[in-house]
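Everything on this sheet refers to the single structure shown next.
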Amino acid sequence: MIKNSLIRGVNSFMYSIGIYLLVQIFATFIIGPVNNNVEFIPVIPEFAARFTNPYMAVYVQMLLIGLTSAIFGAGSVIMELERLSLTVQSILYLIITMAVWIPVGCFCWGLHKYPTAMVSVGLSYLIAYTISWGIQYRQCKRNIQEINRKLEEMRAEDI
């Protein structure tokens with residue numbers, strides 16, 4: 001389980017960094033030309049003001065997004081603990097992800113200051129959680145179908 005957790009964490013970290021970079025490159029091409037006189041830095045101004053260099057703010061934001069994703073990925077092994085019900089698994093995973101997502105969201109995007117940031121982060125969290133829950137639900141349903149199929153086979157052999 002620890003090995004699976006580490007592998008998922010590393011993979012999630014790498015994928016999120018890659019996606020972050022692609023989104024930022026795309027945003028720079030779209031938004032950059034509109035602001036010809038101003039250099040486009042894809043972070044909230046108050047977050048960038050915490051750093052001496054605006055690029056350091058981008059790097060820290062990227063690292064925090066990667067770490068958040070790594071914890072999301074690593075924590076997903078909870079969903080494979082068969083001794084826990086799907087409801088308990090879902091609640092534990094929700095608590096783990098919220099414990100990471102909320103502080104990072106507040107630090108990077110000023111959730112308490114910007115309603116748009118609150119909506120964006122809330123939707124991002126909801127989408128990520130829904131995808132994770134949906135995958136687990138399908139896996140659970142598939143396991144039940146497999147168990148039922150084996151039970152049917154055993155009944156057929158007994159007859």
Quick one: pull up [atom1] in [X] and [atom2] in [Y] and give me the separation to the nearest 0.5 Å.
X: Ile91; Y: Leu94; atom1: CD1; atom2: CG; answer: 8.0 Å
X: Asn143; Y: Arg138; atom1: CG; atom2: CZ; answer: 12.5 Å
X: Ser90; Y: Tyr137; atom1: OG; atom2: OH; answer: 11.5 Å
X: Asn148; Y: Lys150; atom1: CG; atom2: NZ; answer: 11.5 Å

Minimal non-hydrogen separation, [X] against [Y], with atom names:
X: Ala48; Y: Ala57; answer: CA-CB, 3.7 Å
X: Leu81; Y: Gln89; answer: O-NE2, 2.6 Å
X: Ala74; Y: Ser5; answer: O-OG, 3.0 Å
X: Gly66; Y: Ile17; answer: CA-CD1, 3.9 Å

*Stepwise side chain to side chain contact (heavy atoms under 4.5 Å, CB included) test for Arg50 and Val60*: CA-CA 11 Å; Arg50 295 177 183 173; Val60 169; over 6 Å; no
*Side-chain contact test, heavy atoms from C-beta onward, threshold under 4.5 Å: evaluate it for Ile71 versus Ile96 and give yes or no.*
yes
*asked:* Do Tyr93 and Ser76 have side chains that approach each other closer than 4.5 Å (heavy atoms only, starting at C-beta)?
replied: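 Sidechains of Ser76 and Tyr93: in contact.
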_Assess the residue pair Trp101 and Met98 against the criterion (side chain to side chain contact (heavy atoms under 4.5 Å, CB included)); give the C-alpha distance rounded to whole Å, side-chain angles, the decisive distance to 0.1 Å, and a yes or no._
CA-CA 5 Å; Trp101 195 247; Met98 280 178 49; 5.6 Å; no
*Flag yes if Met14 and Leu67 sit in one hydrophobic cluster, no otherwise; membership is Ile, Leu, Val, Met, Phe, Trp, Tyr, and two members link when side-chain heavy atoms are under 4.5 Å apart.*
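Yes, because Met14 and Leu67 connect within a single hydrophobic cluster, where side-chain heavy atoms sit under 4.5 Å apart.
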*Look at atom CD of Glu153 and say whether more than 12 heavy atoms of other residues, nucleotides or ligands are closer to it than 6.0 Å.*
yes
*Just wondering, more than 12 heavy atoms not from Ile2 lying within 6.0 Å of its CD1?*
no
*Taking 4.0 angstrom as the limit, do Arg142 and Glu146 come out as a salt bridge?*
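Salt bridge: no.
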*asked:* What I want to find out is whether Glu152 reaches Arg155 closely enough, with some N-O distance under 4.0 Å, to be called a salt bridge.
replied: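 Salt bridge: yes.
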_Partner of Val58 under side-chain contact (heavy atoms from CB on, under 4.5 Å), chosen from Phe51, Phe47, Tyr20_ = Tyr20
